[in-house]
Amino acid sequence: MRYRLLLFLQMINLISSGVVPPRKRFPDAIIVGVKKSGTRALLEFLRINPLIKAPGPEVHFFDKNFNKGLEWYREQMPETRIGEVTIEKSPAYFHSKMAPERIKSLNPNIKIIIVVRDPVTRAISDYTQSSSKRKRVGLMPSFETMAVGDCANWLRANCTTKTRGVNAGWGAIRIGVYHKHMKRWLDHFPSQNIHIVDGEKLISNPADEISATEKFLGLSPVAKPENFGVDPIKKFPCLKNDDGKLHCLGKTKGRHHPDVEPSVMRALKEFYGPENKKFYQMVNHWFDW
Ligand code: A3P
């Protein structure tokens, strides 16, 4: 008994003196999505807190790389000390059918973070990213054609059936029907372990959204309004260094969006209206989209 107590005290001593070497651990929290809602900004801004550690690239373990095994997954994580919080972000988990179940089998108590924004803006952002990537393949049809027109010939876009006049099978639209994907997360995790970040407020008031997320992670908030400035060209928030210099996200974030025909914007608003309400009810949080 005395020996065990000595061993315990020795361990406490080692931990508090920082002698216990850091090691790679499975994440305590995952930013699971939603793609194009500000997931990179959220992760970069959370890093203001020195206790938050994350791998640089997206890991995509629970969707694309699952066959590589758990040890591969752990290997992707940064080394952390006791008391530090490991987070990874892979935004395609949100709409992956398998991800919630697989994550739960690793850790049913893991914390899940989901950034959401107006699904119409999100769809335009998704389209802008796809068309910029596919310049070499050939120009993508316009956003309007993809959203409400005949996009049947475009790669794998499923636009054969329309819902309320909209190509609801096109990925950029389908991902924004949040309640359908959200249900899977709520079926696997208790709601108190799921934190929703408002992607619009993350742009207009990043300090508040970051502090709320730090609290959800069990940390004392470090983020303050003075940690942020605004990119004079893109008008998105950036981190402000101690010397006042701005550190903004790269050129693939804050892209210029195409102007979309007002009739198509209206069709999308009408399409998403009832879907958004189902989402608000599901998460008990009202947004003004
Ligand atoms: P756009 O580039 O289409 O404007 P994600 O990181 O999930 O891919 O989301 C990208 C989107 O985050 C950007 O889409 C942009 O609108 C939004 N965003 C939120 N905060 C941002 C920031 N501080 N800097 C740049 N983009 C930001």
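Order of appearance sets the numbers: ligands from 1, and atoms from 1 within every ligand.
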Considering Lys35, Arg117, His257, Lys253, which one's heavy-atom position lies nearest to atom 8 (O) of ligand 1? Lys253

For atom 10 (C) of ligand 1, which protein heavy atom lies nearest, and how many Å away is it? Lys36 NZ, 3.7 Å

For ligand 1, which atoms have a heavy atom of Leu249 less than 4.0 angstrom away? 22 (C), 24 (N), 25 (C)

for atom 11 (C) of ligand 1, nearest protein heavy atom and its distance come out as Gly38 N, 4.0 Å

Quick one: is the NZ or CZ of Lys111 closer than 6.0 Å to the six-membered ring centre of Phe216, and within 45° of its axis? yes

Arg40 heavy atoms within 4.0 Å reach ligand 1 at atoms 6 (O)

Would you say the rings of Phe279 and Trp286 are close, in the sense that their centroids are separated by under 6.0 Å? no

Just go through Gly254, Ser37, Pro206 and tell me whose heavy atom is the nearest to atom 26 (N) of ligand 1. Gly254

What part of Gln129, side chain, backbone, both or neither, has a heavy atom within less than 4.0 angstrom of ligand 1? neither

Residue pair His188 / Glu101, side-chain donor-acceptor N/O under 3.5 Å: no

Cation-pi check, Arg102 to Phe62: give yes when NZ or CZ is under 6.0 Å from the six-membered ring centre and within 45° of the ring axis, no otherwise. no

Centroid separation Trp289 to Tyr178 less than 6.0 Å: yes

Measuring from Lys240:NZ to Ile48:CD1, what's the distance to the nearest 0.5 Å? 11.5 Å

Shortest protein heavy-atom distance from atom 7 (O) of ligand 1, along with the residue and atom involved: Thr39 OG1, 2.6 Å

With distance as the sole test, does Ser96 use its side chain to make a donor-acceptor pair with the main-chain N or O of Met98 at under 3.5 Å? yes

Looking at ligand 1, does Pro237 have a heavy atom less than 4.0 Å from it? yes

Under a 4.0 Å heavy-atom limit, does Ile203 contact ligand 1 with its side chain, its backbone, both, or neither? side chain

When distances are taken from atom 20 (N) of ligand 1, the protein heavy atom at minimum range is Ala41 CB, 3.4 Å

Other residues, nucleotides and ligands only: do more than 12 of their heavy atoms fall within 6.0 Å of NZ on Lys234? yes

Closest protein heavy atom (residue, atom, distance) for atom 27 (C) of ligand 1: Phe236 CD2, 3.5 Å

What protein heavy atom is closest to atom 14 (O) of ligand 1, reported as residue, atom name and distance in Å? Ser125 OG, 3.3 Å

Leu202 near ligand 1 by a heavy-atom separation under 4.0 Å: no

So, for Tyr93 and Trp185, is the gap between ring centers shorter than 6.0 Å? no

